[in-house]
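Residues: numbered from 1 along the sequence shown. The structure displayed is predicted, hence computed values, not measured ones. These numbers come from the heavy atoms of this one structure, side chains and all, not from hydrogens, waters or symmetry mates.
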Amino acid sequence: MRKSGMIFRSDSKGRFVAAGFLLIGLAGSLAAAAAVWTGLGTTSRWADPNNWQYHLLPGSNDVVGFAAGADWQIRQQTVTIDAPARCGRLEFYHYNWPAEPFHHIRILAPAQMVLASEHIDQNQYAATYVQSGGRHEVGQDLYYTTYNGTFRLSGGQLLVGGTFHAGPDRGHVFFAGGSATLNRLALGYNQYKTTIHIEPAAAIEVTGQVSLEPTETGKILTLAWEAPLFLAGADWINRHQDPRYVQGLEQADLRFSGTTTCRFEVGGGDYGAEEAGFTDNFALGRLQIGDPNGGHVVLTDQRNNCPDTLQAGAEALYVDTLVLGYGSVLDLAGYKVYFRNLIDQGGQYPNGIPQKIGEKYLQLTAPNGGEKWMAGETVTVSWQSGGDVNDVVVEYSLDDGLNWFEVEPPNAGNTGGYAWQVPEVSSSQARIRIRDAVDAGVFDISEDPFYLWIAGSLVGWGRDQQGQIDVPAGKNYVAVAAGGGHSLALKSNGALAAWGANSYGQTTIPGGTAFVAVAAGENFSLALRDDGTVAAWGDNGSGQTLVPGDPNAIVAIAAGGEHALALREDGGLLAWGDNGSGQIDVPAGTDFVAVAAGGMHSLALRADGTVAAWGDNSLGQLDVPEPDPDISRRPAAIAAGLWHSLALRRDGTPVGWGNNSFGQLNLPEGDDFVAIAAGGYHNLALRGDGSIAAWGANNYNQINALAGGGFVALAAGKSHSLAIQTARLTLIEPDGGQAYLAGKTYPVRWQTLGDVAEVQIAYSIDNGQNFSAVEPANQGNTGRYDWLIPPVNSDQCRLRIRDAAAAHIQDTSAEAFTLYQCVLPTDLDGDCLVNLSDLAILLDDWLACGNPFDPDCRLDR
């Protein structure tokens with residue numbers, strides 16, 4: 001067939017190829033008989049016959065089609081596509097509505113319409129698009145914005161690399177079947193009175209964003225019962241002011257997946273809430289997050305509606321069924337999610353947890369693991385809650401949740417936060433638990449352990465041939481380790497200190513301030529970083545510094561004669577170095593909670609309080625006593641010496657086995673011990689009152705423990721001992737209830753334990769919220785200071801005294817006291833009372849005038 005004097009054919013495979021710009025604008029009847037149109041051109045072409053129908057046919061070289069490089073715009077016709085076609089741009093268009101009122105396009109199997117650029121349907125009256133088969137691929141955007149038109153996908157495959165702008169004016173868009181993969185779906189594109197309907201049989205996947213654009217009036221999106229909308233890494237963003245524009249979400253199935261982070265618009269109204277029986281906004285039938293590729297959704301309010309009143313958490317997302325796939329992440333970002341049914345296959349919710357409607361919950365937000373809190377500091381324990389939770393109990397554990405202690409006061413209310421003054425304890429396995437005071441089954445625990453540290457000064461005694469007890473100065477040490485002839489210490493900022501023997505480089509420490517634990521062997525050293533990796537240096541004659549790679553993070557370390565042990569995050573064991581006695585042949589299992597390394601033997605403590613021992617047993621150092629049936633009599637801590645072993649029971653009593661040639665098993669009496677250390681032939685134990693007990697060999701005075709208290713950590717080396725001693729300040733007066741008059745002098749008194757050279761005194765008039773320094777700020781440390789009361793009025797005063805060199809060493813008035821000024825004009829003696837004493841002063845002053853009856857005599861008061 002010839003038309004306009006131009007004829008062309010398809011390529012050898014029957015495909016229509018055009019690499020340029022193709023615009024087709026058609027109108028006519030779908031039922032009309034097919035006709036074949038041919039044309040040839042390399043620039044823009046215009047076909048304007050009336051009531052023609054264009055039929056792209058599959059088949060042979062005789063099939064006609066579009067020439068390469070052609071730009072086509074065809075209008076007022078019907079197009080049926082059932083052959084492969086490739087072109088640059090396809091546009092259905094008209095200029096003279098209603099004279100040219102409509103067009104139709106049909107794509108049938110096995111057609112393939114591949115557009116490198118755009119597909120545009122616009123400004124057509126009652127135009128239709130029907131795809132029941134084949135493949136329609138658009139490289140950039142697809143616009144369907146026709147007036148009173150219908151877009152229907154019932155089969156085949158639609159691929160849009162850009163944005164599908166679906167917003168026909170008074171029109172309809174139906175996804176009734178087939179599959180559509182869209183980069184971005186923009187609903188309500190600059191139009192109004194539109195229905196966009198998705199049926200369950202359609203598989204609609206959006207990889208970029210679903211954007212609900214503002215419109216004047218009418219429905220924007222309707223999802224049929226259980227209709228799935230797959231959002232593969234896409235955002236769901238609603239920019240409407242009126243939630244009625246979204247219909248059917250209370251029965252919809254939205255599925256987020258992929259490896260990128262998606263945003264989900266939660267702010268802005270009560271979407272389907274009334275119909276779904278919910279009470280707040282955005283009711284969904286089913287929200288599924290995650291698939292084999294994971295999924296990460298963050299709730300958001302991109303439109304920022306009502307910015308003067310809306311706050312995170314004020315709006316909520318209501319879901320009938322919430323599905324959290326394995327590895328999925330739902331970040332509430334301060335908002336709330338309520339559900340009726342939950343299918344949790346291993347999801348995570350870092351900032352708030354979904355709540356079942358009508359049920360109460362608690363979620364701890366801080367501490368969550370890894371924090372480093374110093375004794376004496378006031379830190380904030382924070383949580384989120386839902387349901388009827390009126391009072392909470394805050395507790396802490398020092399042994400990874402085996403035992404719990406209530407903070408004071410035990411009931412903290414339910415304000416979402418509690419100011420906790422960290423107790424005088426040290427632990428690398430601390431956790432916080434918060435629970436409902438009425439229902440103990442409603443609780444949450446820190447996700448991972450955190451650190452509680454008591455910082456103090458170092459002291460050492462025993463053998464000093466290599467300078468191993470020549471401790472460095474400072475008050476910021478939190479852990480200590482003693483080796484053969486060298487020593488290590490950990491500072492509160494995560495840095496290391498080392499001194500003593502260095503013939504193997506064992507005190508040549510690595511740089512950095514990210515360490516959380518130290519261990520010292522005979523001639524080598526270990527340090528644990530906060531990322532779970534281990535640094536090792538010094539003697540490597542037996543491979544003791546060759547730390548093996550392991551996918552599990554390390555949480556504890558121990559150094560022996562020439563071997564090393566580590567406890568993995570999963571509770572398993574790791575060992576390296578000398579194995580002449582089998583000391584690194586670790587037992588299987590993942591229920592271990594502590595490790596200890598001796599001369600040529602090793603110990604590990606299980607969570608149930610039983611002890612595993614392996615390696616050299618020449619002196620019975622592996623002969624662990626039988627587990628006591630009484631759980632409180634089982635070990636809570638272990639230590640390994642050169643040829644002997646120690647354990648500290650949960651009831652505070654020590655037990656030992658192995659070599660006793662120097663009395664290292666002659667255990668002290670008492671049940672108040674909180675820590676133990678085993679050296680070459682001697683042992684140390686720390687009591688709850690901060691004093692030290694020592695026994696065993698004393699040939700170098702290594703058991704001549706220092707008198708006094710305030711000790712918080714200790715270590716035993718081959719022939720020397722180390723400890724950390726914390727200083728303490730106790731404020732005696734004012735301790736609450738006093739009333740001090742401005743301008744008068746009153747004593748401030750305190751007691752000191754340990755090394756405190758100077759103190760700083762400050763007062764508060766707002767119950768400790770803010771403090772002002774007493775001048776001069778540094779007062780020495782005499783135990784008393786005469787304080788001239790400043791001219792202030794407050795009954796909410798507190799006094800604070802602290803170490804000038806270590807701010808964490810401090811004490812504050814237990815209760816509030818009063819500071820006041822006297823403002824009575826006839827109070828002449830400054831006692832803020834008007835009585836006979838003031839009258840006597842007034843009389844003396846008046847008589848002191850030269851002429852008592854002279855009205856010009858003025859009293860200088």
Asker: Kindly give the heavy-atom pair with the smallest separation between I703 and A697, and that separation in Å.
Answerer: CG2-O, 3.3 Å
Asker: CD of E447: more than 12 outside heavy atoms within 6.0 angstrom?
Answerer: no
Asker: Output the distance between atom CG (D539) and atom CG (N523), rounded to the nearest 0.5 Å.
Answerer: 5.5 Å
Asker: Show your reasoning for whether side chain to side chain donor-acceptor pair (under 3.5 Å) applies to S645 and H601.
Answerer: CA-CA 9 Å; S645 303; H601 73 290; 3.0 Å; yes
Asker: So, the side chain of S446 versus the backbone of P367: is there a donor-acceptor pair under 3.5 Å, distance only?
Answerer: yes
Asker: Which heavy atom of A594 sits nearest a heavy atom of L567, and at what distance?
Answerer: N-CD2, 3.8 Å
Asker: Flag the pair W383 / Y418 as yes when their ring centroid distance falls below 6.0 Å, and as no otherwise.
Answerer: no
Asker: Check E377 with K372, please: is the shortest side-chain N to carboxylate O separation under 4.0 Å?
Answerer: no
Asker: Is E569 atom CD crowded by more than 12 heavy atoms from other residues, nucleotides or ligands, each under 6.0 Å away?
Answerer: no
Asker: Side chain to side chain contact (heavy atoms under 4.5 Å, CB included), that's the test. Do V480 and L714 meet it? Break it down for me.
Answerer: CA-CA 7 Å; V480 65; L714 38 74; 5.8 Å; no
Asker: Once you round to the nearest 0.5 Å, how far does CD1 of I432 lie from CH2 of W404?
Answerer: 7.5 Å
Asker: Looking only at heavy atoms, what is the nearest atom pair of A613 and V624, with distance?
Answerer: CB-CG2, 3.7 Å
Asker: Would you sort out whether S721 and H682 count as a side chain to side chain donor-acceptor pair (under 3.5 Å), showing the intermediate values?
Answerer: CA-CA 9 Å; S721 301; H682 75 291; 3.0 Å; yes
Asker: Could you tell me whether D531 and R529 make a salt bridge, using a distance below 4.0 angstrom between a side-chain N and a carboxylate O?
Answerer: no
Asker: Could you work out, with side-chain hydrogen bond (donor to acceptor under 3.5 Å, both in side chains) as the rule, every residue matching D331, not counting sequence neighbours?
Answerer: N351
Asker: Is a side-chain N or O of S397 found less than 3.5 angstrom from the main chain of A430, in a donor-acceptor match?
Answerer: no
Asker: For H486 and G521, work out which heavy atoms get closest and say how close.
Answerer: CE1-O, 3.3 Å
Asker: Applying side-chain hydrogen bond (donor to acceptor under 3.5 Å, both in side chains), name anything that partners S618, two or more places apart in sequence or on another chain.
Answerer: D616
Asker: Whether the Y349 and D344 side chains hold a donor-acceptor pair (N or O, under 3.5 Å, no angle test) is what I'd like checked.
Answerer: yes
Asker: Are N659 and Q664 close enough that some pair of their side-chain heavy atoms sits under 4.5 Å apart?
Answerer: yes
Asker: Listing request: all ring-ring contact (aromatic ring centres under 6.0 Å, His included) pairs with a residue in residues 614-636, at least two apart in sequence or in separate chains.
Answerer: none
Asker: Is it true that N493 and N476 share a donor-acceptor pair across their side chains at a distance under 3.5 Å?
Answerer: no
Asker: Do the side chains of W499 and T507 get nearer than 4.5 Å, heavy atoms only?
Answerer: no
Asker: Using side chain to side chain contact (heavy atoms under 4.5 Å, CB included) as the criterion, point out the one residue from T365, N368, I434 that pairs with S382.
Answerer: T365
Asker: Calculate, to the nearest 0.5 Å, the distance between atoms CG and CG belonging to L324 and L330 respectively.
Answerer: 6.0 Å
Asker: Can you tell me how far CG of D608 sits from CG of D591, rounded to the nearest 0.5 angstrom?
Answerer: 6.5 Å
Asker: Between R633 and D651 (salt bridge meaning N to carboxylate O under 4.0 Å), is one present in this structure?
Answerer: yes
Asker: Under 3.5 Å, is there a donor on one side chain and an acceptor on the other for S328 and H296?
Answerer: no
Asker: Which heavy atom of I692 sits nearest a heavy atom of A723, and at what distance?
Answerer: CD1-CB, 3.9 Å
Asker: So does D444 pair up with R433, basic N to acidic O under 4.0 Å?
Answerer: no
Asker: Verify the ring-centre separation between W373 and F450: is it less than 6.0 angstrom?
Answerer: yes
Asker: Flag yes if more than 12 heavy atoms outside F443 fall under 6.0 Å of its CZ atom; otherwise flag no.
Answerer: no
Asker: Is there a donor-acceptor contact under 3.5 Å from the side chain of N540 to the main chain of T545?
Answerer: yes
Asker: For W657 and Q621, indicate whether the former's side chain and the latter's backbone hold a donor-acceptor pair under 3.5 Å.
Answerer: yes
Asker: Under 3.5 Å, side chain of W461 to main-chain N/O of Q702, donor-acceptor pair present?
Answerer: yes
